[in-house]
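Inspection log for the structure reproduced underneath, given as structure tokens.
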Protein chains: 4
Amino acid sequence: MGRPRDTRVDEAILAATRELLARHGYAGLTVDAVAEHAGIGKAAIYRRYATKQEMVFAAAVHRSDLAPPPDTGSLRGDLTCLVEDIVATLGNPAASSAVLGLLADLGAPSALADRFHASFVTSQRAVVAELMDRAVARGELGAPPDVDLVHALLAGPVFATLYLQRRRPDGLAERLGRMVAETLRLEDRAAGHGGHATGSAAGSPTA
Amino acid sequence: MGRPRDTRVDEAILAATRELLARHGYAGLTVDAVAEHAGIGKAAIYRRYATKQEMVFAAAVHRSDLAPPPDTGSLRGDLTCLVEDIVATLGNPAASSAVLGLLADLGAPSALADRFHASFVTSQRAVVAELMDRAVARGELGAPPDVDLVHALLAGPVFATLYLQRRRPDGLAERLGRMVAETLRLEDRAAGHGGHATGSAAGSPTA
Amino acid sequence: MGRPRDTRVDEAILAATRELLARHGYAGLTVDAVAEHAGIGKAAIYRRYATKQEMVFAAAVHRSDLAPPPDTGSLRGDLTCLVEDIVATLGNPAASSAVLGLLADLGAPSALADRFHASFVTSQRAVVAELMDRAVARGELGAPPDVDLVHALLAGPVFATLYLQRRRPDGLAERLGRMVAETLRLEDRAAGHGGHATGSAAGSPTA
Amino acid sequence: MGRPRDTRVDEAILAATRELLARHGYAGLTVDAVAEHAGIGKAAIYRRYATKQEMVFAAAVHRSDLAPPPDTGSLRGDLTCLVEDIVATLGNPAASSAVLGLLADLGAPSALADRFHASFVTSQRAVVAELMDRAVARGELGAPPDVDLVHALLAGPVFATLYLQRRRPDGLAERLGRMVAETLRLEDRAAGHGGHATGSAAGSPTA
DNA sequence: CTCTAAGCGAGACGGTACGTCGGGTCTTGAC
DNA sequence: GTCAAGACCCGACGTACCGTCTCGCTTAGAG
């Protein structure tokens, strides 16, 4: 019962967090500043989020449950598509700061650390697993490969490009999708599995 | 003139920083705690390092200029070796926390940000470039590929495994070295270059 | 038109205020706590009282308009009676906390400050004036003395005993009434007034 | 060891507290405001005082250990002198607000409550006891009266005048000293003690 | 062999942000 | 229009950390 939470306040908090995150980065983000910028009181923030980290998580990461993966008809297309999603998510400066900041802040295992993992990592992993199954169904792969490895091969280079090299990952999705698809097919064949010889398709379209 | 710096103090600072970094993570690391744990005064720290970041950098990152790359005789061996170095560097929990923390803290360009980049990223990049040249010299590749891309393909998955998946990267170097070497050869041939047909090496499965 | 105020709410507010005042003192009294303890909403409180001070005033001070002074037949008896009233009023722990708290809070002149003054101070002063007139009429005093001084002589020691010494003022009224009555008669005679020589009463020791 | 407390900071805190106390009263006094007004950080305050109350106590009450009572040669003079001291102490607007505010805030027994009592009440009580002994030694009184009662008779009216009537206590010390001295002598004789008949002295100099 | 500049542990300093709490206002849906 | 519930804005509280600044002492190398 009682007065319901004001939706405009929710949105104002998230919007302000995202803007200040983009403008000043994760370090440099102040709860007071968010409150002032959103035209609300700090209590309204802490009524929703127990800590600054929770707020940032909600503002910049939570919703990125990673949309259901569209089937492009080929492993390579699917992977490219997934990488494009990851790039799009992290390309946003707010999310970019937030993910890195949270990753650094959430050293000790905690409830939020788990939720962050679930929202960000587990969901990506699930998508990867789905794509592998599709490839097997299609006959592109004989057996589904190590999901964590594939995930690392896809998400890792995006991280490296953005956070280590501090470059825009232009064209990365395309190239990464192609390379990983090719690698997976090679590994698959080398392991003695092997779909019904779709292998040749892989060699042809270099983009 | 005057009294020279006490070497034992230098070491005590670095040791304490590394220990506390490993124990409490980058967030959770306090300059006061380092001073107390090292049995020294804060002034002794700030006489050496201008900021907490500098201290952490010196304690956990600085020396990792990445040893000169040993020539293993094959692209795949060289890459595996490099990834092993990266894994070894970041496997240490102190360095692990430190790198992530500094990455998050050093949002704005600064002198330290540049030095961090130089010590960590540029040196890795240089090694990658060297390995590419070796491969070309050996005839494994017809033309040196995009160094940044290769760097991202090597370092990225290590980051993803450690920081996103929070797993130990056991066996990652081996697999990653093989996959990337193979991918590079494929790309190279597809691009119409092509060393003197060392391609067969790709077929030899696993190791 | 509209729903009438619920009388039980009025009483619940006042009762809860008094209880919490007695239990936690003025400083530890919270409007939220009053609402919860009374099983009502804060709005019901603020609909009746503009501020926490008003509420406390109403709960613990307002009604103490100081009953009409009973004529005991002697100045000494009247004064004793008045002091007993004051002691009874402030002896209640709720009222005790409330008066002190309001006194401290109501620094700046305000409407409530005036009402507090009127309800608490002015009414006492009026009673004192009345008692003085009675004494003059009776012939115990030749001229009515400075009312404020007499008030201070009566109420002050009660305050000092309760708030400074933190003791229960047992037996204080009796002794204070006697002393002040005697003092006033002495002053009166010294000033050259003098009722019809009731002075001898002064010699009658004790009671 | 370590850097010693800066005396100027101590003084700046106390001075700022006193000024803001006088300007805005006890309620309305902010620790942040004190820090800003003193040009120091909040930490410097909380390093010295655990709470706002402690700070106010130190600034406005602590030092009022009540100077050693000067011997004026007569009970009446001594009492007048003491009341003048009390009036002088509480006449200061800062001390005035502080005493009342602390009295109201320190409802529950606590370490500070005890120290406040000791510094403010006990010291006054000790002076009163001393004056009573002097009077007995002088022969003005046959036996020392109830010290708490006398203390209440002296301090109480000052409180009542200042805090209840909100008047300046001009001329109060004089009148109060005379009245209480006279009362005590009367009580003393009535109780059957009696110094060597100095009684007549009381009647003469009315001022 | 003294003098002196610099290092040292300790800890206070000014700031700034945190997360909590209280006061007084406003809003919802039930009555 | 009142009620219980509870969200809202505001602003103070006391804590913690950063990077700086003394203190009084120790330690080496220059004269």
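Lettering of chains follows the sequences in order, A, B, ..., and the numbering in each one begins at 1. The shown structure was predicted, so the numbers you read here are calculated from the model rather than taken from an experiment.
Each of A:Ile45 and C:Ala35 has a nearest nucleotide on DNA chain F; the 5'-most of these lies closest to C:Ala35. Projected onto DNA chain F by closest heavy-atom contact, B:Ala33 and C:Gly39 fall at different nucleotides, the more 5' of which corresponds to C:Gly39. When each of D:Ile40 and C:Val31 is assigned the nucleotide of DNA chain E bearing its nearest heavy atom, the one mapping closer to the 5' terminus is D:Ile40. Where A:Thr51 and D:Ala44 each meet DNA chain E at their nearest nucleotide, the meeting point lying more 5' is that of D:Ala44.
No hydrogens or angles were tested; on distance alone, nothing pairs the side chain of A:Lys42 with the base of F:dG11 as donor and acceptor under 3.5 Å.
Across the protein-nucleic acid pair, D:Glu36 atom CD and E:dG14 atom C1' stand 12 Å apart, rounded to whole Å. Spacing between atom CD1 of B:Ile13 and atom C1' of E:dC8 amounts to 11 Å, rounded to whole angstrom units. Rounded to whole Å, the distance from CG on B:Asp6 to P on F:dG29 is 13 Å. Straight-line distance from the CG atom of D:Leu112 to the P atom of F:dG14: 12 Å, rounded to whole Å. B:Asp32 places its CG atom 12 Å from the P atom of E:dA10, with the value rounded to the nearest Å. When the P atom of E:dA6 is taken as reference, atom CG of B:Asp10 falls 18 Å away, rounded to whole Å. When rounded to the nearest whole Å, the span between CG of A:Asp105 and P of F:dC17 equals 14 Å. For the pair B:Glu11 CD and E:dC8 P, the computed distance is 13 Å after rounding to whole Å.
Using a 4.0 Å heavy-atom distance criterion, B:Arg48 is classed as a sugar-phosphate-only contact. Note on D:Lys52: only backbone sugar-phosphate atoms sit closer than 4.0 angstrom, heavy atoms only; bases stay farther off. B:Leu29 comes within contact range of the sugar-phosphate backbone alone, with a heavy-atom separation under 4.0 Å but no base atom that close.
Put simply, D:Tyr46 has a side-chain N or O that comes within less than 4.0 Å of OP1 or OP2 on F:dG14.
With D:Val31 as reference, D:Ile45 is the one residue of D:Val56, D:Thr51, D:Ile45, D:Thr17 to meet the side-chain contact (heavy atoms from CB on, under 4.5 Å) rule.
Atoms CG and CG, from C:Asp105 and D:Asp105 in turn, are 9.0 Å apart once rounded to the nearest 0.5 Å. For the atom pair A:Tyr163 OH and A:Leu90 CG, the distance stands at 4.5 Å (nearest 0.5 Å). To the nearest 0.5 Å, the span separating CG on D:Leu100 from CG on D:Leu162 amounts to 10.0 Å.
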Below 3.5 Å between N/O atoms, which protein atoms pair up with nucleotides 27-29 of chain E? Just atom names and distances, please.
| from | atom 1 | to | atom 2 | distance (Å) |
| --- | --- | --- | --- | --- |
| E:dT27 | O4' | A:Arg3 | NE | 3.3 |

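For D:Arg5, counting side-chain heavy atoms from C-beta on, the closest listed nucleotide (E:dC18, F:dC3, E:dC13) is E:dC13.
Geometrically, D:Lys52 engages D:Tyr26 in a cation-pi contact, judged by NZ or CZ lying under 6.0 Å from the ring centre and within 45° of the ring axis.
The number of heavy-atom neighbours closer than 6.0 Å to CZ of D:Arg8, taken from other residues, nucleotides and ligands shown, is 12 or below.
By the 4.0 Å N-to-carboxylate-O rule, C:Arg48 lies close enough to C:Asp10 to be salt-bridged with it.
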